[in-house]
Amino acid sequence: MFFYPDFAILVYMLDIKFIRENKDLVQEAARKKRLDFNVGDLLTADDKRLSILKEVETFRALQNEANQKVAGALNSEDRNVVIEEMKLVKEQLQKKEDELKEVFIEWQKLMVQVPNIPDMSVPEGDSDAENSEFKTHGDKTIFDFEPVSHIDIMSNLDMIDLERGTKVAGFRGYFLKNDGFRLSFALWQHAVETAQKFGFSPIMAPSLLRKEPFIGTGYLPQGEEDLYKTQDSEYLSGTAEVPIMGYMMDEVIPENSLPLQYLGFSPCFRREAGSHGKDVKGLIRVHEFYKIEQVVLCEARHDESVKWHETLLEVAESYMESLGIPYRVVVNCTGDLGLGQVKKYDIEAWVPKEEKYRETHSISYFHDFQTRRLNIKYKDTEGKLRFAHSLNGTLSATPRLLVSLVENYQQADGSIKVPEVLQKYLGKDTITKNQS
RNA sequence: GGAGAGGUGGCUGAGCGGUUGAAGGCACUGGUUUCGAAAACCAGCAUACGGGCAACCGUAUCGAGGGUUCAAAUCCCUCCCUCUCCGCCA
């Protein structure tokens with residue numbers, strides 16, 4: 001348990017013992033993740049911390065011993081002798097404690113930068129350009145006409161209003177109307193039903209959150225730039241992963257209740273601070289959207305994490321398959337992993353107009369990186385308290401998913417065929433003009 | 001927005017300067033009892049770091065930070081959080 005001064009809360013990190021025993025592994029992780037981090041600096045700081053701590057503890061032991069004497073002293077003379085002695089000790093102790101504090105702050109600064117170790121199976125690379133495709137599903141849609149963009153299709157069918165979106169909400173603003181609205185709800189409904197078959201319980205989660213769950217999940221302090229902040233110092237979350245993980249924060253999960261499978265639904269807010277020139281048109285990249293997110297807490301075993309990681313992918317794939325959207329799955333390379341991520345899969349959906357696969361899902365696991373910081377524990381079979389493992393992954397992010405959906409299902413006359421699984425929600429098999 | 005109350009171990013809840021890592025209860029573990037179980041009774045039971053082969057020893061932790069003191073869960077200051085009442089509001 002450590003004090004992180006900038007945020008004034010307690011933060012857990014990768015275990016220092018583990019780092020000491022596996023310094024090469026950690027250094028290698030930093031290199032693979034393309035992070036500028038030197039384990040040697042941390043270990044030097046840790047040696048210093050431990051040696052000063054030892055001195056401080058010796059003084060404190062002396063002081064505690066004297067306390068017993070004072071308390072048990074029969075006459076005030078004996079008492080005064082000890083008290084006078086302790087006054088001298090106090091001065092020395094004070095000095096050492098100041099030293100310790102200084103070293104400790106330096107140590108903490110380095111500790112929060114320690115990356116989690118990527119899995120062996122993660123390919124090495126600098127950026128998302130080197131993510132490795134390992135699976136495709138569905139053939140890229142073939143049209144006997146020139147396909148148009150989702151913007152044209154949806155504007156034409158009065159499903160979207162981007163001009164007024166910008167007028168009212170500013171850059172990247174949008175309105176979803178009529179069947180645009182209905183299609184979104186249909187996607188959500190279908191997502192909930194899909195996940196239910198896999199045992200997930202749905203939760204509507206808040207997005208306006210205190211900083212603690214952001215620090216715990218790893219979005220702060222590193223990602224401050226990407227978050228909206230209110231005048232009351234709360235932040236708007238960019239994914240339900242944050243509130244759902246916060247849900248169990250500082251708790252001990254009752255015995256025999258793992259794994260916990262949540263399906264979080266929430267509005268999501270992202271500043272997109274580093275991507276001003278990217279995807280400036282349409283629904284691919286917006287500041288405000290909705291997402292249904294899978295979150296799992298499981299026993300602290302690598303094989304459990306791996307098993308659940310594959311399951312989250314399976315759930316997302318079965319969702320995409322049922323929608324009939326062509327997609328591929330990539331393993332994200334080391335340089336594209338977050339500080340805490342061990343491994344990540346992205347699902348990318350085919351976008352005909354762009355003739356590109358675009359990311360719609362992101363599914364990752366963290367081992368105990370997040371639960372350590374969030375202080376989420378459970379009792380294992382030996383009765384020992386352990387940090388759980390955590391995972392999360394997209395199930396349905398709208399409106400981004402609409403882009404691929406409407407473009408793949410567009411028809412020559414400008415109408416959109418409704419995927420079979422969604423027809424019951426829309427009450428029709430085709431979206432046409434003037435039916436909105 | 002106004003006025004109060006409070007933050008102590010896995011949970012509940014006492015303590016309000018020194019013998020308190022912290023009473024009591026619950027939960028949990030072991031034992032006695034029982035054909036078995038429940039109940040009852042007895043015992044054990046916090047976490048982290050450091051040292052030791054080990055029994056064990058040292059240090060820290062009573063929301064956070066700072067201060068007073070030889071000594072702080074206990075006194076003072078600042079901050080954070082929670083609850084209750086009033087007002088406003090979906």
Side-chain angles (χ1 to χ4, degrees), chain A residues 1-21 42-43 45-105 107-108 111 204 206 208-216 220 229-235 246-258 267 300 368 371-388:
Chain A
M1 207 186 268
F2 307 106
F3 178 63
Y4 187 72
D6 290 356
F7 287 91
I9 70 145
L10 298 164
V11 177
Y12 286 83
M13 303 153 230
L14 216 63
D15 189 5
I16 182 68
K17 233 192 231 164
F18 175 87
I19 299 168
R20 287 190 149 281
E21 285 163 13
L42 173 62
L43 295 188
D46 194 46
D47 287 340
K48 220 158 128 193
R49 179 190 133 251
L50 288 177
S51 86
I52 298 174
L53 184 64
K54 215 166 193 173
E55 292 182 69
V56 167
E57 286 188 353
T58 309
F59 278 123
R60 283 186 188 155
L62 199 65
Q63 203 172 55
N64 288 340
E65 201 185 325
N67 283 347
Q68 301 296 325
K69 272 193 222 161
V70 172
L74 294 173
N75 57 67
S76 57
E77 216 168 289
D78 292 349
R79 235 176 137 96
N80 287 337
V81 170
V82 178
I83 289 175
E84 285 311 309
E85 276 173 19
M86 283 307 105
K87 280 184 181 171
L88 295 173
V89 170
K90 187 194 180 182
E91 266 177 57
Q92 294 169 281
L93 175 61
Q94 193 73 51
K95 238 171 82 188
K96 278 290 159 199
E97 281 190 331
D98 289 346
E99 240 176 277
L100 180 64
K101 197 179 292 175
E102 207 175 298
V103 172
F104 187 63
I105 287 171
W107 179 84
Q108 277 193 120
M111 277 299 275
M204 269 201 207
L208 184 60
L209 313 174
R210 291 215 273 255
K211 61 188 173 310
E212 285 81 355
F214 289 96
I215 294 168
L220 284 177
K229 192 176 183 179
T230 72
Q231 65 266 48
D232 298 317
S233 299
E234 288 138 338
Y235 293 84
Y247 189 71
M248 291 311 292
M249 152 174 99
D250 289 321
E251 294 196 29
V252 175
I253 296 162
E255 283 172 76
N256 303 320
S257 50
L258 287 180
D368 63 359
T371 51
R372 214 170 248 289
R373 295 162 72 116
L374 285 162
N375 191 23
I376 299 174
K377 295 179 182 165
Y378 72 100
K379 247 188 198 153
D380 68 12
T381 44
E382 272 119 53
K384 198 172 149 47
L385 286 175
R386 301 191 63 183
F387 293 112

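Bear in mind that the values here come from a model prediction, so they are computed numbers and not experimental data. Chain letters run A, B, ... following the sequence lines, proteins first, then strands; residues in each count from 1.
A:Glu84 has a carboxylate O that lies under 4.0 Å from a charged side-chain N of A:Lys87, or vice versa, which qualifies the two as a salt bridge. Under the 4.0 Å criterion applied to side-chain N and carboxylate O atoms, A:Asp46 and A:Lys17 are not assigned as salt-bridge partners. Using a 4.0 Å cut-off between a side-chain N of Lys or Arg and a carboxylate O of Asp or Glu, A:Lys96 and A:Glu99 qualify as a salt bridge.
A gap of 25 Å separates the C1' atoms of B:U84 and B:A73, to the nearest Å. Distance check on atom P: B:G25 versus B:A46 gives 16 Å, rounded to whole Å. The same atom, P, is picked in B:C35 and in B:A27; the two are 25 Å apart, to the nearest Å. Taking atom C1' in both B:U12 and B:C77, the straight-line distance is 31 Å, to the nearest Å. A distance of about 42 Å separates the C1' atoms of B:C28 and B:U68, rounded to the whole Å. B:A40 sits 9 Å from B:U33 when the C1' atoms are compared, rounded to a whole Å. The separation of B:G13 from B:U20, taken at their C1' atoms, amounts to 15 Å, rounded to a whole angstrom.
Atom NZ of A:Lys211 is separated from atom P of B:C79 by 14 Å (rounded to the nearest Å). One can place CG of A:Leu208 at 19 Å from P of B:A90, the figure rounded to the nearest angstrom. Rounding to whole angstrom units, CG of residue A:Asp15 and P of B:U47 are separated by 16 Å. The separation between A:Leu50 atom CG and B:A48 atom C1' is 13 Å, rounded to whole Å.
With B:A71, B:G51, B:U59 as the choices, the nucleotide that has an atom nearest any side-chain atom of A:Glu57 turns out to be B:U59. Checking B:C70, B:G66, B:G50 against the side-chain heavy atoms of A:Met86 singles out B:C70 as nearest. For A:Lys17, counting side-chain heavy atoms from C-beta on, the closest listed nucleotide (B:C49, B:C70, B:C81) is B:C49. Proximity note for A:Ala61 (side chain, C-beta onward) versus B:G58, B:U19, B:C70: the nearest is B:G58.
Among the duplex regions that RNA chain B forms, those built from at least three successive Watson-Crick or G-U pairs under 3.5 Å are B:1-7 with B:80-86, B:10-12 with B:24-26, B:28-32 with B:40-44, B:46-51 with B:56-61, B:63-67 with B:75-79, ordered by first number.
The salt bridge (Lys or Arg N to Asp or Glu O under 4.0 Å) test applied to A:Glu102 returns no partner, not counting sequence neighbours. Qualifying side-chain contact (heavy atoms from CB on, under 4.5 Å) partners for A:Tyr247, counting only residues two or more places apart in sequence or in other chains: A:Tyr262.
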